Amino acid sequence: MTDMRDILRAASLLSRHLPPTPMWSYPVLNAVAGAELWVKHENTQPIGAFKVRGGITLLAALPGRERGVVAYSTGNHAQSIAFAARLFGTACAIVMPENPNPAKVAAVEALGGTVVVGGATMVEAADVAREEADRLGWRLISPADEPEIIAGVGTLYLEILRDQPDLDAIVVPVGSGTGAAAACLVARALAPGCQVIGVQSAAAPAAHDSWRLGEMVLRPMKTRVDGLATGSAYALPQQVMRELLTDFLLVGDDEIRAAQRLMLTHAHTLAEGAGAAALAGVLSRREEFAGKKVAIVVSGGNAGPAELAALLPSGA
């Protein structure tokens, strides 16, 4: 199990590769939310998403990494592993489900990774990745069941709470759950009074339902939000969340799209769907968050062409 010592070690490692990301409060956005929001800009990472923290931390400590690694992902985890593999001179293959986001495929290939398209869903892509890793003799990397990934992601919440130690809550988008689990661990150590609240799309609720039910379940993925499109929960994040997560919200894809537009107009920020989910969660519970000091994590900014077109008014 990951603990604060692991997160602090990861912070020392990552300081040699990544600067801290900015966090700002925007008065016009606060006025809409009725709360004091602090926006953590993980969209400014070199791959445009928070997951790079976990990828570097994992690859740095991985025995036998020179043989190569295989991961499976809809996009940001893929870029994280490809970025870290290039950093450490490791061969890398990424399995993506059918019809992947072209921008994310191009990003992985630009980082030197090989993209293999296989499986209709992330669950099926995981099976393809397992076969590929066996065939090549390379290390299979889980999107979430890796303690080093959670430790690396935890550094983001270390930055948040060092900057704003008196937060009432941190709201975290949840796909695989590494972010929410990491936030729980850091908040327990540094700010035990700070609530940690997860947000997931109601159209892909596997992590939410697994947390509510106390057992791992599969759920259909009907969301159009790439970063939240997971049909299964992951054991390691769920173990932490069941013990420490304060609450878990579901929001609709249309609510996420509306939050993306607000991030553009009120916080000068391009957020992919998952990156706007935390704001959507706050706006869906305005009364609960009213007057509170809340950090929201913009987990990524990798919006593809179709997503960008849907955000902008016709003719813009």
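Only this structure's heavy atoms are used, side chains among them; waters, hydrogens and symmetry mates stay out. Quick caveat, the model's predicted, so the values are computed rather than measured.
- In the hydrophobic clustering of ILVMFWY residues, with side-chain heavy atoms under 4.5 Å counting as a link, Y234 and V69 come out apart.
- Cluster annotation: L111 and V116 are assigned to distinct hydrophobic clusters (Ile/Leu/Val/Met/Phe/Trp/Tyr, side-chain heavy-atom contacts under 4.5 Å, transitive).
- The two residues S284 and L249 have their closest heavy-atom pair at OG-CD1, 4.3 Å.
- Remark: the backbone N or O of R224 is paired with a side-chain donor or acceptor of D253 at under 3.5 angstrom.
- You'll find the side chain of W24 stays beyond 4.5 Å of the side chain of T269, heavy atoms only.
- Side chain of S25 to main chain of L37: a donor-acceptor pair is present (N/O by atom type, distance under 3.5 Å, no hydrogens or angles).
- For the pairing with K293, the salt bridge (charged side-chain N to carboxylate O under 4.0 Å, His left out) check across D166, D163, D168 returns one residue only, D166.
- Side-chain atoms of W211 come within 3.5 Å of backbone N or O of M241 as a donor-acceptor pair.
- A side-chain donor-acceptor contact under 3.5 Å links Q238 to the backbone of A207.
- Side-chain contact between D145 and P237: present, with at least one pair of heavy atoms (C-beta onward) separated by less than 4.5 Å.
- Between Y157 and V172 there is a side-chain heavy-atom pair separated by less than 4.5 Å.
- When all heavy atoms of P192 and L190 are compared, the closest pair comes out as CD-C, 3.7 Å.
- R9 and D6 are joined by a salt bridge, as a carboxylate oxygen and a charged side-chain nitrogen come within less than 4.0 angstrom of each other.
- For the atom pair CZ (R219) and OG (S210), the distance works out to 7.0 Å, reported to the nearest 0.5 Å.
- Annotation for P147 and L236: closest pair N-CD2, 3.7 Å, computed over non-hydrogen atoms.
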Check against side chain to side chain contact (heavy atoms under 4.5 Å, CB included), D226 and N302:
CA-CA 10 Å; D226 286 351; N302 293 317; over 6 Å; no
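- T21 and E42 form a side-chain donor-acceptor contact under 3.5 Å, judged by distance and modelled atom types alone.
- A single hydrophobic cluster is not seen to contain both V70 and I56; linkage of ILVMFWY side chains at heavy-atom distances under 4.5 Å, directly or through other members, places them apart.
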### Message
salt bridge (Lys or Arg N to Asp or Glu O under 4.0 Å) for D254 and R257? Distances and angles first, verdict last.
### Response
CA-CA 5 Å; D254 288 344; R257 180 67 50 80; over 6 Å; no
Practice task
Would you sort out whether V32 and R286 count as a side chain to side chain contact (heavy atoms under 4.5 Å, CB included), showing the intermediate values?
Solution key: CA-CA 9 Å; V32 172; R286 278 183 174 88; 3.9 Å; yes
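- Considering OH of Y72 and CG of D127, their distance stands at 9.0 Å, rounded to 0.5 Å.
- For F248 and H208, the ring centers sit closer than 6.0 Å to each other.
- Rounded to the nearest 0.5 Å, atoms CZ (R135) and CZ (R130) are 16.0 Å apart.
- Separating the CD1 atom in I149 from the CG atom in L58 is a distance of 5.0 Å, to the nearest 0.5 Å.
- The two residues V282 and A33 come nearest to each other via the heavy atoms CG1-CB, 4.4 Å.
- Inter-residue side-chain proximity for R285 and I197 is flagged as unmet; no heavy-atom pair is nearer than 4.5 Å.
- A donor-acceptor contact shorter than 3.5 Å links the side chain of R65 to the backbone of L59.
- Here the side chains of V186 and M4 are in contact, with some heavy-atom distance below 4.5 Å.
- Atom CD1 of residue I256 and atom CG of residue L283 lie 11.5 Å apart, to the nearest 0.5 angstrom.
- Linking ILVMFWY side-chain heavy atoms closer than 4.5 Å, directly or via other members, places L270 and I296 in two distinct hydrophobic clusters.
- Between V196 and L244 the shortest side-chain heavy-atom distance does not fall below 4.5 Å.
- At a threshold of 4.5 Å between non-hydrogen side-chain atoms, the residues F88 and L62 do not count as touching.
- A distance-only check finds a donor-acceptor pair linking the side chain of E146 to the backbone of S142 [under 3.5 Å].
- A donor-acceptor pair is defined here as one N or O able to donate and one able to accept, closer than 3.5 Å; no such pair exists between the side chain of T178 and the backbone of A144.
- V95 and V115 end up in different hydrophobic clusters when Ile, Leu, Val, Met, Phe, Trp and Tyr side chains are linked at under 4.5 Å.
- Looking at every heavy atom in both residues, M216 comes nearest to A235 through CE-N, 3.3 Å.
- Contact between S176 and P143 at its shortest, heavy atoms only, is OG-O, 4.0 Å.
- Of the possible donor and acceptor atoms, none in the side chain of Q200 sits under 3.5 Å from a partner among the backbone N and O of L250.
- Between the side chain of T246 and the main chain of Q195, no donor-acceptor pair closer than 3.5 Å is present.
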Before giving the answer on salt bridge (Lys or Arg N to Asp or Glu O under 4.0 Å), spell out for R162 and E159 the whole-Å C-alpha distance, their side-chain angles and the decisive distance to 0.1 Å.
CA-CA 5 Å; R162 281 176 170 170; E159 290 174 17; over 6 Å; no
Notebook entry, point to check: Please walk me through it: do R188 and E243 pass side chain to side chain contact (heavy atoms under 4.5 Å, CB included)?
Noted result: CA-CA 11 Å; R188 178 176 64 178; E243 180 186 354; 3.4 Å; yes
Might you work through the side chain to side chain contact (heavy atoms under 4.5 Å, CB included) test for I170 and L161, ending with a clear yes or no?
CA-CA 9 Å; I170 301 173; L161 285 168; 4.2 Å; yes
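- The main-chain N or O of G273 is found under 3.5 Å from a side-chain atom of E307 such that the two form a donor-acceptor pair.
- Interatomic distance, CD of Q79 versus OG of S73, reported as 8.0 Å (0.5 Å rounding).
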